[in-house]
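A short write-up of the structure that comes next.
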Amino acid sequence: MQPHQLKIYNSLTREKEHFTSLVPGHVGLYVCGPTVSGESHLGHARPYITFDVVLRYLQHLGYKVRYVRNITDAGHFEEEGREAEDKVSQKALLEKLEPMEMVHKYTSLFHKGMQMFNNLEPHIEPTATGHIVEQINMIETLIERGYAYPVNGSVYFDVAKYAAAYPYGTLSGRVLEDQLETTRELDGQDEKRNKADFALWKNAPPEHIMRWKSPWGEGFPGWHIECSAMSRKYLGEVFDIHGGGMDLQFPHHESEIAQSTIAHGHAPVRYWIHNNMITINGKKMGKSYNNVIKLSELFTGNHPLLQQAYHPMVVRFYILQTHYRSTLDFSNEALQASERALKRLWEAYILLKKLPAPHGEANTAVNEALNLQIRNICLELTDFMNDDFNTAKVLANLFELCPIINSINGGQIDPNALTPATYSLLQESMPVFIEDILGLQPMQAANNGKLEDVLKLLIEIRADAKKRKDFATSDTIRQRLEASGIFLKDAKDGSVSWSVE
RNA sequence: GGUCGGAUGGCCGAGUGGCUAGGCUCAGCUCUGCAAAAGCUGCUACAGCGGUUCGAAUCCGCUUUCGACCUCCA
């Protein structure tokens, strides 16, 4: 555990606060996971990449983190796009829609997506269906304490009573009176004492497939209780960080606070972190807007809005180039710019690893200003991460290192202009920030040795041709390889490097 | 309607009361058989109108405008 100056913007206080963990050296991190009734889309990529970097940075600081991210696999949901046909025939629904099958399918797809983004796995990934007992227990406690009431086999949380005794709406800036005036027609509205009350348990109608026995009859848990029950179980009554999308602030997170406060006697979370939305044409990407681009579509380019396929690392980079609390607008131009930028960063990074070390003897080649500049750029990386995970600034600084690295490689800067200390700092900083903290990976898979052998042969043949000034042959080799996505680059010293698209 | 948050150069996007990120694009140059890559140079913006200040894109007010949440939503 190294001393640090990490500041986190806490949605609860709306201020950047210096981060300290409840238990020294340990951090409890809970992030709202996906509802697996449909395929994950680009919008989902944002929180999981954001909090992956949070996790990575906390670990980098030396914390032992327990990262819990749930899978919402219970509740009243139907498979995307199925609703229409299911309505036609209830029988079709029973035959086609086995809940576990659907949940399994989309959970697997989600995991695959997370893996492609190089997100670290959560330490615990609890499912709602696996914690029915815990949820029922918690609801019973809430009833015992007089803050929840059963009606017709459902149970609701009494928000008005809660608000009378505890601060309600702090997280989302909500005023209870406003909530009470809601005119919207909601399911079960007539059962509630107040419109602001929310369901803890819902009675299952006969046709509802997902159902569990409870003290109130057969039903299923409401949509806020799982996070409270599961975070309590794995992180304790009070834990350090709870994360999720901004759209969850209300009512989901506000309800979590209310439930847990009654059940445990105190607020559950010390730091709330919320990421902003990904927009498309200025509008939030979401099911209700019908403007989602699924991850599989993004990776294959198979979507009317996509001009091409985008590599998962390009998407990751694109997301990290913006601060997590800003909206991020999708466009092909932006993704394509990210693709080129990432490629440039990565090529410089590869070069860095091969960069000759300065010999370190006292010499006149040392460039003091350059050394100072590199030191500053590298040391600032930590400052930027400490400033509420400002990955945008981290990337900006990493890009400032690129021309320096390329210039040393290209001979414009003498390798001995760097002191050994600066050289080491550079060699240590870039991998730590690029790979360990930002979690970026090479876009091309590791080449197997056979391709390398073949290319070596072609490059030799081409070198011979060039020596004979047989440019027709040398250009043909280069062009044919290019057509296959292999690019040859002639360096000044006659060496040839290559890259695969 | 209520609450909250934005409006930055050709595009995407950081950001602090004064020293004006970064990426992409574009133009020129260097290198080069050519190409690609790379390097160098150039392109100086902060919605509008007031105000505070020696000084504001950054603070305050108003206007215009976009969005998020208030309903499942990352």
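These values consider heavy atoms only, across backbone and side chains, with no hydrogens, waters or symmetry-generated copies. In what follows, every chain begins at residue 1, and chains take the letters A, B, ... in the order their sequences are listed.
Checked by atom type, the side-chain pair A/N203/A/S154 shows no donor-acceptor distance below 3.5 Å.
Pairing for B/C4 is with B/G67, a Watson-Crick or G-U wobble pair whose two hydrogen-bonding atom distances lie under 3.5 Å. Across all strands shown, B/C19 remains unpaired; no Watson-Crick or G-U wobble contact has both distances below 3.5 Å. With both pairing distances under 3.5 Å, B/C43 is matched to nothing as a Watson-Crick or G-U wobble pair.
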Next on the checklist: Applying salt bridge (Lys or Arg N to Asp or Glu O under 4.0 Å) to A/K393 and A/D383, what does each step give before you reach the verdict?
Outcome noted: CA-CA 10 Å; A/K393 281 190 147 190; A/D383 298 339; over 6 Å; no
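Remark: A/R468 does not engage A/D464 in a salt bridge, criterion side-chain N to carboxylate O under 4.0 Å.
In terms of position along RNA chain B, the nucleotide closest to A/E482 lies nearer the 5' end than the nucleotide closest to the other residue of the pair A/E482 and A/S407.
Evaluation of atom-type donor-acceptor distances gives no pair under 3.5 Å for the side chain of A/D329 against the base of B/C12. Judged by distance alone, with hydrogens and angles left aside, A/D475 brings a side-chain donor or acceptor within reach of the base of B/G33, the pair sitting under 3.5 Å. Residue side chain A/R46 does not reach the base of B/A74 through any donor-acceptor N/O pair under 3.5 Å, judged by distance alone.
In this structure, of B/A74, B/A14, B/G39, it is B/A14 that holds the atom nearest to the side chain of A/S326. Here the side chain of A/E400 is nearest to one of B/G22, B/G15, B/A37, namely B/G22. Closest to the A/K283 side chain, of the nucleotides B/G15, B/A68, B/G33, is B/A68. Of the candidates B/G22, B/C34, B/C73, the closest approach to any side-chain atom of A/D247 belongs to B/C73.
A/R211 places a side-chain N or O within donor-acceptor distance of the main-chain N or O of A/P205, the cut-off being under 3.5 Å.
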